[in-house]
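Below is one structure, written out as structure tokens; comments come after it.
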Amino acid sequence: TVPVPGRFLACVTRQESADRIKSTYGDKVEVFLHGHLNAVAQSDIVVLGCKPQLCEEILTSKGMKETLKGKLLISVLAGTTIKQIQDLVGPETFVIRAMPNTPCKIRQGMTVISFPTPPSPSSSTVDLAQIVPSPSVRPAVEWIFSQIGRAVFLDEKQLDACTALSGSGPAFVCVMLEAMTDGGVMMGLPFTVAQELAAQTMQGAARMVLEGSHAAQIRNSVSTPGGCTIGGLLVMEDGKIRSTIARAIQEATNIASSLGKKK
Ligand SMILES: NC(=O)C1=CN([C@@H]2O[C@H](COP(=O)(O)OP(=O)(O)OC[C@H]3O[C@@H](n4cnc5c(N)ncnc54)[C@H](OP(=O)(O)O)[C@@H]3O)[C@@H](O)[C@H]2O)C=CC1
Ligand SMILES: O=C(O)[C@@H]1CCC=N1
């Protein structure tokens, strides 16, 4: 059986955030203003969700290292490695990373989860018992992130690329969605109609891919010979849309890889 969370505590610093959480989740979530230690002490699983540059300040705050001992710490911070966090909290806290994205808000998220690479059995420097989690950790983590969308496990070295692709991805997709909406408005559609058509078309095509179709196959099947689609596609190719979007992922990956180093 998978141990699933039954109690949820949120710790923030601003009253407006506390109010927002309360109005969203009511009494399902207990909100702590500034009370990190109190919230962490009452938790078995701690999700760290501050900006990367606040990581060290929070994890080295008075009493935090001791309070985190024996707990599972899930960091969603971009670009901040498990090792960086482990060095701050010590070996008695089990640290993993997760890279979710904003569609998690409507349980349609994409989360990539990374566990620490266990040291080689020959290494004498660490106590393996302190690194290897109890057997229930992985299923519990998979359960948590499967409640808010899809979840996959990947090696940490791929997490910067995942941060760029699925973490930042909703922003990139929305640029495309806005552009398609603009095209509809330019051709006389009311904004709300154009936006709905663009969003549902994007969702539908994406769902076809998730159900097994290949994107190129869909593109070809829509492109009627001598029809309108191929005309639009060639204008997109003239605008280097493929390389532009791919380079955006490349740039975001490069930036993600440096976020953990910013103070
Ligand atoms: N935005 C996204 O789509 C994604 C973000 N991430 C990662 O999530 C993290 C947060 O990003 P984002 O949500 O955009 O940033 P925000 O600034 O919106 O959220 C940061 C949160 O951390 C809280 N916080 C800051 N300092 C403290 C503290 N000392 N104690 C307790 N809580 C604190 C803030 O509380 P308060 O509001 O009260 O100030 C706020 O709720 C980043 O590391 C980012 O890389 C990962 C995936 C996707
Ligand atoms: O832009 C950022 O740094 C964060 C991480 C992924 C999405 N937002």
Side-chain angles (χ1 to χ4, degrees), residues 8-25 29-43 45-65 67-68 71 73-85 88-89 95-114 141 144-145 147-154 156 158-175 177 245 248-263:
F8 302 89
L9 298 76
C11 181
V12 290
T13 60
R14 290 174 300 159
Q15 186 59 52
E16 64 189 278
S17 296
D19 296 343
R20 186 180 76 245
I21 294 169
K22 286 308 276 180
S23 67
T24 306
Y25 299 105
V29 176
E30 297 163 61
V31 183
F32 292 73
L33 258 181
H34 302 294
H36 315 91
L37 282 189
N38 197 357
V40 169
Q42 297 180 54
S43 305
I45 300 175
V46 178
V47 179
L48 181 66
C50 63
K51 287 190 170 67
Q53 52 270 36
L54 291 175
C55 176
E56 184 168 349
E57 175 192 324
I58 291 174
L59 293 184
T60 57
S61 57
K62 190 171 181 315
M64 181 60 78
K65 183 172 179 176
T67 310
L68 277 169
K71 300 181 190 292
L73 178 61
I74 304 174
S75 166
V76 300
L77 279 58
T80 310
T81 64
I82 290 172
K83 182 179 184 315
Q84 281 177 285
I85 296 170
L88 294 171
V89 299
V95 181
I96 70 169
R97 289 178 66 187
M99 182 42 60
N101 63 7
T102 42
C104 290
K105 288 180 178 177
I106 57 167
R107 297 181 184 260
Q108 292 299 319
M110 181 73 247
T111 301
V112 181
I113 303 159
S114 295
V141 169
I144 290 171
F145 289 101
Q147 303 310 304
I148 51 177
R150 290 173 174 257
V152 295
F153 290 84
L154 285 178
E156 188 180 13
Q158 295 176 304
L159 218 42
D160 291 335
C162 298
T163 300
L165 179 48
S166 52
S168 303
F172 303 145
V173 167
C174 285
V175 166
L177 202 159
I245 293 172
I249 304 296
Q250 182 184 35
E251 176 64 7
T253 301
N254 293 338
I255 295 171
S257 66
S258 66
L259 288 174
K261 305 176 182 74
K262 281 185 179 172
K263 291 284 181 216

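First listed ligand is number 1; within each ligand, the first listed atom is number 1. Atom set for the values below is all heavy atoms of this structure, side chains included, hydrogens, waters and symmetry mates excluded.
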Within-cutoff protein neighbour (heavy atom, under 4.0 Å) for [atom]:
{"atom": "atom 23 (C) of ligand 1", "result": "no"}
{"atom": "atom 13 (O) of ligand 1", "result": "no"}
{"atom": "atom 1 (N) of ligand 1", "result": "no"}
{"atom": "atom 5 (C) of ligand 1", "result": "no"}

[X] side-chain N/O to [Y] backbone N/O, donor-acceptor pair under 3.5 Å:
{"X": "Ser61", "Y": "Met64", "value": "no"}
{"X": "Ser23", "Y": "Arg20", "value": "yes"}
{"X": "Lys22", "Y": "Val31", "value": "no"}
{"X": "Gln84", "Y": "Thr81", "value": "yes"}
{"X": "Thr80", "Y": "Ala78", "value": "yes"}
{"X": "Ser75", "Y": "Arg97", "value": "no"}

Which residue supplies the protein heavy atom nearest to [atom], what is that atom called, and how far is it?
{"atom": "atom 42 (C) of ligand 1", "value": "Cys50 O, 3.2 Å"}
{"atom": "atom 32 (N) of ligand 1", "value": "Cys11 O, 3.3 Å"}
{"atom": "atom 1 (O) of ligand 2", "value": "Ser168 OG, 4.5 Å"}
{"atom": "atom 37 (O) of ligand 1", "value": "Ser17 OG, 2.5 Å"}
{"atom": "atom 21 (C) of ligand 1", "value": "Gly49 O, 3.7 Å"}
{"atom": "atom 48 (C) of ligand 1", "value": "Pro100 O, 3.6 Å"}
{"atom": "atom 7 (C) of ligand 2", "value": "Gly167 O, 3.4 Å"}
{"atom": "atom 15 (O) of ligand 1", "value": "Lys51 NZ, 3.9 Å"}
{"atom": "atom 3 (O) of ligand 2", "value": "Leu259 CD1, 3.8 Å"}
{"atom": "atom 5 (C) of ligand 2", "value": "Ala78 CB, 3.9 Å"}
{"atom": "atom 45 (O) of ligand 1", "value": "Ala78 N, 3.1 Å"}
{"atom": "atom 41 (O) of ligand 1", "value": "Val12 CG1, 4.0 Å"}

Less than 4.5 Å apart, side chain to side chain, heavy atoms only: is that true for [X] and [Y]?
{"X": "Ile245", "Y": "Phe172", "answer": "no"}
{"X": "Ile144", "Y": "Val47", "answer": "no"}
{"X": "Val112", "Y": "Leu159", "answer": "yes"}
{"X": "Leu59", "Y": "Lys65", "answer": "no"}

Could you list which atoms of ligand 1 come closer than 4.0 Å to a heavy atom of [X]?
{"X": "Pro52", "answer": "42 (C), 43 (O)"}
{"X": "Thr102", "answer": "3 (O)"}
{"X": "Leu54", "answer": "25 (C), 26 (N)"}
{"X": "Ile58", "answer": "27 (C), 28 (C), 29 (N)"}

| field | Among Thr13, Val76, Leu259, closest by any non-hydrogen atom to atom 28 (C) of ligand 1 | value | Thr13
| query | What distance separates Asn38 CG from Ser43 OG, expressed to the nearest 0.5 Å? | reply | 9.0 Å
| task | Working to the nearest 0.5 Å, report the span between CG of Asp160 and OG1 of Thr253. | result | 7.0 Å
| task | Give the contacting part of Thr163 toward ligand 1: side chain, backbone, both or neither, where contact means a heavy-atom distance below 4.0 Å. | result | neither
| message | Applying a heavy-atom cut-off of 4.0 Å, say which part of His36 lies close to ligand 1: side chain, backbone, both or neither. | response | side chain
| task | Might you confirm whether atom OH of Tyr25 has over 12 heavy atoms from other residues, nucleotides or ligands at distances under 6.0 Å? | result | no
| Between Asn254 and Gln250, is any side-chain donor less than 3.5 angstrom from a side-chain acceptor? | no
